[in-house]
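Here's the structure, in structure tokens; my notes come after.
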Amino acid sequence: MASLSGMYSNQSSVAGAPGLLTTPPGLKTPNGTLVDELEASFEACFASLVSQDYVNGTDQEEIRTGVDQCIQKFLDVARQTECFFLQKRLQLSVQKPEQVIKEDVSELRNELQRKEALIQKHLSKLRNWQQVLEDVSVQHKKSTEIPQGPLAYLEQASANLPAPMKPT
């Protein structure tokens, strides 16, 4: 499983940019970073689900309690991480409101493009169904021109025969 902790480690993973991915202040906790805790709690959830005790099913209630605790810990750390990023977003909106406006404009443009593509897709389907309806309508008109009934075929065939010649 790939580690998420490299996202905020002091090691540089960008060529020639030392310290570029340092841990932001406020993200550190007594046990490391929130990202480290989030990763550890996720791994604990996953481990509790695939542990041998869970597979063998020794004590279902104890296993369920353990899994619930792991999931609750993961959700708590996820909420803390979300709060951290929301706080950073709030700080950014206060310090650089024009950046927030630029992001909003960009999101609106992307949404417009997505909706325009959706409209084009629906128009294409609409044209297709209109053509199908038109074809059905033409078929229906042709079928109403042909007489219906048990002798319809004979009537149609005799209508196509040349008229008998009159003796002169």
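Quantities reported herein were computed from a predicted structural model and do not represent experimental measurements.
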- Does a side-chain heavy-atom distance below 4.5 Å link Leu126 with His122? no
- Output, in order, the C-alpha distance, side-chain angles, deciding distance and verdict of side chain to side chain contact (heavy atoms under 4.5 Å, CB included) for Leu90 and Leu86. CA-CA 6 Å; Leu90 180 62; Leu86 288 173; over 6 Å; no
- Query: Which atom names give the shortest non-hydrogen contact between Leu34 and Val77, and what distance separates them?
  - Reply: O-CG1, 3.7 Å
Sub-3.5 Å donor-acceptor pair from the side chain of [X] to the main-chain atoms of [Y], do we have one?
| X | Y | answer |
| --- | --- | --- |
| Ser137 | Leu133 | no |
| Ser124 | Gln120 | no |
| Ser106 | Lys102 | no |

- Item | Pairwise distance OG(Ser48) to NZ(Lys73) - rounded to 0.5 angstrom | 14.0 Å
- Task: Kindly check if the number of other-residue, nucleotide or ligand heavy atoms within 6.0 Å of CD (Glu62) is above 12?
- Result: no
- Do Gln91 and Gln87 get their side chains close enough for a donor-acceptor pair, meaning under 3.5 Å? no
- Task: Would you kindly say whether Asp76 and Gln72 are connected by a side-chain donor-acceptor distance under 3.5 Å?
- Result: yes
- Task: Treat each ILVMFWY residue as a node, draw an edge where side-chain heavy atoms are under 4.5 Å apart, and state whether Phe84 and Leu92 are in one component.
- Result: no
- Message: List the residues meeting side-chain hydrogen bond (donor to acceptor under 3.5 Å, both in side chains) with Lys115, not counting sequence neighbours, and say none if there are none.
- Response: Glu111
- Message: Could you walk me through whether Arg89 and Val100 satisfy the side chain to side chain contact (heavy atoms under 4.5 Å, CB included) test, starting with their C-alpha distance in whole Å, then the side-chain angles of each, then the deciding distance to 0.1 Å, before giving a yes or no?
- Response: CA-CA 9 Å; Arg89 178 77 175 166; Val100 175; 3.9 Å; yes
